[in-house]
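Quick notes on the structure that follows.
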Protein chains: 2
Amino acid sequence: MTQRGQARSARTGAQPEPRSGAVRRPTVQDVAREAGVSPSTVSRALHTRGYASPDVRNRVRAAAAKIGYVADHNARNLRSRTSTSIGVLISDLRNPFYADLAAGIEEELRAAEYQMVLVNDNGDPAEELQAAETLLAMRVPGVIVTPVTAACPRVLQDNGVHVVCADRELGRSGGDVVLSDNKAGARELTEHLIGLGHTRIGLLIDETKWSTGAGRLAGFRAAHEEFGLEVDEDLIAYTSFDADAARRTTAKLLNDHDVTAIFSANNVLAQGALAELKDRRLTVPRRISLAAYDDVPWMSLVQPALTTVDQHTVELGRTCARLLLARIRGELPPRRRRVRVAPRLIIRGSTGPAPRS
Amino acid sequence: MTQRGQARSARTGAQPEPRSGAVRRPTVQDVAREAGVSPSTVSRALHTRGYASPDVRNRVRAAAAKIGYVADHNARNLRSRTSTSIGVLISDLRNPFYADLAAGIEEELRAAEYQMVLVNDNGDPAEELQAAETLLAMRVPGVIVTPVTAACPRVLQDNGVHVVCADRELGRSGGDVVLSDNKAGARELTEHLIGLGHTRIGLLIDETKWSTGAGRLAGFRAAHEEFGLEVDEDLIAYTSFDADAARRTTAKLLNDHDVTAIFSANNVLAQGALAELKDRRLTVPRRISLAAYDDVPWMSLVQPALTTVDQHTVELGRTCARLLLARIRGELPPRRRRVRVAPRLIIRGSTGPAPRS
DNA sequence: CTGTTAGCGCATTCAT
DNA sequence: ATGAATGCGCTAACAG
């Protein structure tokens, strides 16, 4: 006989077996009866600090444990107009970047006894907005989002939900923002390539309208400028956010231009670029160097391992969560906060001296 | 006059700016007034089907949209004793296996208008139990878990929560279960190796107490038996669930035994094995073949690409979610359901004929 | 088909 | 320090 079973039969005699989906759980009332106090005292003893004598507090705690009481979040949220569920809105959990981000967020939230409601929006504005509405319905106090559209943070904020934009920033609109210092990272990586003698570097990139792509492009340009090199605009190869497309774009880049190095703006594009290089049996880095922004595990497993920029994605996630929680707790001044996490260049085997032409 | 009344009458005039964290959202009452019907009619018009005239239904919908009404899940859940939040309890979101599983689950849940509350337990029994309690508090109708301990599914079920165990099974205890057919997959992979002439195959494995490890080991043995080969027990190399440990174990295996192929029981161990092989500059597959259970993206990016068993992890996740939803909706007969998802052998370049000794 | 009534379980007034 | 009363916003019973 289970602990719960005992508790119940002690209360009402024979009680039907808990058929799943239809179990009556103990309430504050039950705890109150068990401890010989009033329901409000139970509430105070369990949560608030200072308004219950140690004696009563212990009695209540013991009673709660005994009958297996578990507080009902829905009731608590309804009454107190607060929730410990946090919305996390990302594009694609299968992309290790987002998975790491979510992992960092979850870790921090869990430590603070908050829960993560995770929604994939597949990068689709409609799904993103839909998700925002759902989170609104859940009355979450805050949301962390890698925004697709400015409308999403906006509608959340208009309804009093704290928003932290992760990884990218869309205009001035939405709330606090935590991002990798894309420009600095891309610049450092480009400097590394130029330092190796590369002057014709192809940049494989999918977008420049978000702060991520814009920043990485800016860093790419800044490094060239620093070395007095002019950027050949034809070497900036725009593609779509998709490994296959990136592969085709890489092929085109290789066919049309005599590049000695390729800088992929993110981990997805890098996959396509690498596939094309392998297919052509171009030895890396002797014939061509390859580097990527956003270090993910496979990049250190391939031969040669890729030179990358590590965004500290998990830490990025933790930072988002810490910032959001501080905001929710009212610990932050009202003005919008922008946190930049410094990336780190990791030099591996895929980049080497430019071949003599 | 109540504060609510005041706030509402104020709405006709100038509306106060929504200060974040303290916004009064419209309620059914507000919609009712706007549409000229009663609150319960609003509720029915918005949710239940058939109990409201089309005319009224449209009026209510329009009114709700007009004033920006978003239902309060907490209140709804409290009253109706149902929730659309589903708990998902996994070990490590950063492992692509779990990420894919979660992605499949989320996809299916979202399509059914359920939400995913994702918790990482880091494979720690205490954290897992803690998470179960949290989900209990949230009054979720169901949980999908990759269980660490049988206690977790049990406590959930004892409280009337539907449980689907994903990927592994701990005794008979917990609820429905969805798993890869580990034995069949491992057997097929082993057959492939034996078919290539390998007779001394090292099995790199971390556990055999769960159905995953046990099944893979069983498949490994079954294939040997089928070919009339005796399994050399010394070639079953136990290690811990960690790439570095797997690497050291691989080193030991190579030092002590003359294996011509290595079968890694999962993606994490494969990483360690590959690292060691690369470090020793053993050419794969000429000197040694390498294969792994659980296909993850990097395995097709390395050179040569790894021969693997694809578990259809995303589909595994979708299946879990579909099963759980069917259970919640009461569409399933009471008896426990065990679903096996057939895996698929993917032969790539890392496995080849056994070298003549 | 619709309105009225009555809580879901809890945290918060307000009294003592 | 504790207890009694009061809703949070919603939906399930009941009438009509």
Side-chain angles (χ1 to χ4, degrees), chain A residues 22-60 63-64 67-84 136-139 141 159-160, chain B residues 1-5 7-8 22-60 63-64 67-84 136-141 159-160:
Chain A
V23 178
R24 214 235 300 290
R25 321 265 255 274
T27 72
V28 274
Q29 299 263 6
D30 300 317
V31 179
R33 190 167 315 129
E34 183 74 28
V37 294
S38 76
S40 39
T41 298
V42 169
S43 174
R44 278 185 300 241
L46 257 29
H47 306 295
T48 328
R49 53 195 77 255
Y51 277 75
S53 69
D55 171 44
V56 167
R57 184 158 301 210
N58 289 333
R59 276 221 318 283
V60 169
I67 68 175
Y69 169 77
V70 178
D72 186 322
H73 274 25
N74 291 312
R76 175 154 68 60
N77 294 347
L78 179 59
R79 174 63 238 238
S80 63
R81 296 132 170 299
T82 61
S83 163
T84 54
L136 242 30
M138 296 180 77
R139 299 299 190 261
N159 285 77
Chain B
M1 179 174 253
T2 73
Q3 193 185 0
R4 290 181 47 72
R8 214 170 292 118
V23 179
R24 215 189 61 79
R25 321 265 254 274
T27 73
V28 273
Q29 300 263 6
D30 300 319
V31 179
R33 186 163 318 126
E34 182 74 29
V37 294
S38 77
S40 45
T41 298
V42 170
S43 173
R44 280 184 300 242
L46 256 29
H47 306 296
T48 330
R49 54 194 75 258
Y51 277 77
S53 68
D55 170 42
V56 167
R57 185 159 301 217
N58 289 334
R59 274 219 321 282
V60 169
I67 67 175
Y69 170 77
V70 178
D72 185 323
H73 274 23
N74 292 311
R76 174 153 69 61
N77 294 346
L78 179 60
R79 176 62 236 236
S80 62
R81 297 134 166 298
T82 61
S83 164
T84 53
L136 242 30
M138 296 181 78
R139 299 300 189 262
V140 299
N159 285 78

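Since this is a predicted model, take the numbers as computed values, not measurements. Quick note: numbers below take in every heavy atom, side chains included, and nothing from hydrogens, waters or symmetry partners.
In this structure, the CZ atom of B:R81 is 9 Å from the C1' atom of C:dG9, given to the nearest Å. The interatomic distance linking B:M138 (CE) with C:dC8 (P) rounds to 22 Å, in whole Å. When the C1' atom of C:dG9 is taken as reference, atom CG of A:N77 falls 11 Å away, rounded to whole Å. In this structure, the CG atom of A:D55 is 12 Å from the C1' atom of D:dA1, given to the nearest Å.
Using a 4.0 Å cut-off between a side-chain N of Lys or Arg and a carboxylate O of Asp or Glu, A:D30 and A:R24 do not qualify as a salt bridge. Of the charged side-chain nitrogens involved, none lies within less than 4.0 Å of a carboxylate oxygen, so that B:R76 and B:D72 do not count as a salt-bridged pair.
Remark on DNA chain C: of its neighbouring residues B:V56 and B:L78, the 5'-side contact belongs to B:V56, judged by nearest-heavy-atom nucleotide.
Although no hydrogens or angles enter the test, the distance criterion places a donor-acceptor pair under 3.5 Å between the side chain of A:R25 and the main chain of B:L136.
Each end of the helix from C:dC1-D:dG16 to C:dT16-D:dA1 gets its own axis, taken as the rotation carrying the C1' atoms of four end pairs onto the next four within a five-pair window, and the two axes meet at 30° to the nearest 10 degrees.
The shortest non-hydrogen separation linking A:A63 to A:A35 is CB-CB, 3.8 Å. Taking both residues in full, the closest heavy atoms of B:S83 and B:P141 are given as O-CG, 3.2 Å, listed atom of the first, atom of the second, then distance. Smallest separation of non-hydrogen atoms from B:A71 and A:R139: O-NH1, 3.5 Å.
Taken to the nearest 0.5 Å, the OG1 atom of A:T41 stands 11.0 Å off from the CZ atom of A:R57.
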Close N or O pairs between protein and nucleotides 10-12 of chain D (under 3.5 Å):
residue, atom, partner, partner atom, Å
D:dC10, OP1, B:Y69, OH, 2.5
D:dC10, OP1, B:D72, N, 3.3
D:dC10, OP2, B:V28, N, 2.5
D:dT11, OP1, B:H47, NE2, 3.1
D:dT11, OP2, B:S43, OG, 2.9
D:dT11, O5', B:S43, OG, 3.4
D:dT11, O2, B:R79, NH1, 2.7
D:dA12, O4', B:R79, NH2, 3.1

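Contact of the B:Y69 side chain with the B:V42 side chain is not registered, since no non-hydrogen atoms from C-beta on lie closer than 4.5 Å.
Residue B:T41 has no polar side-chain atom (N or O) positioned under 4.0 Å from OP1 or OP2 of C:dC1.
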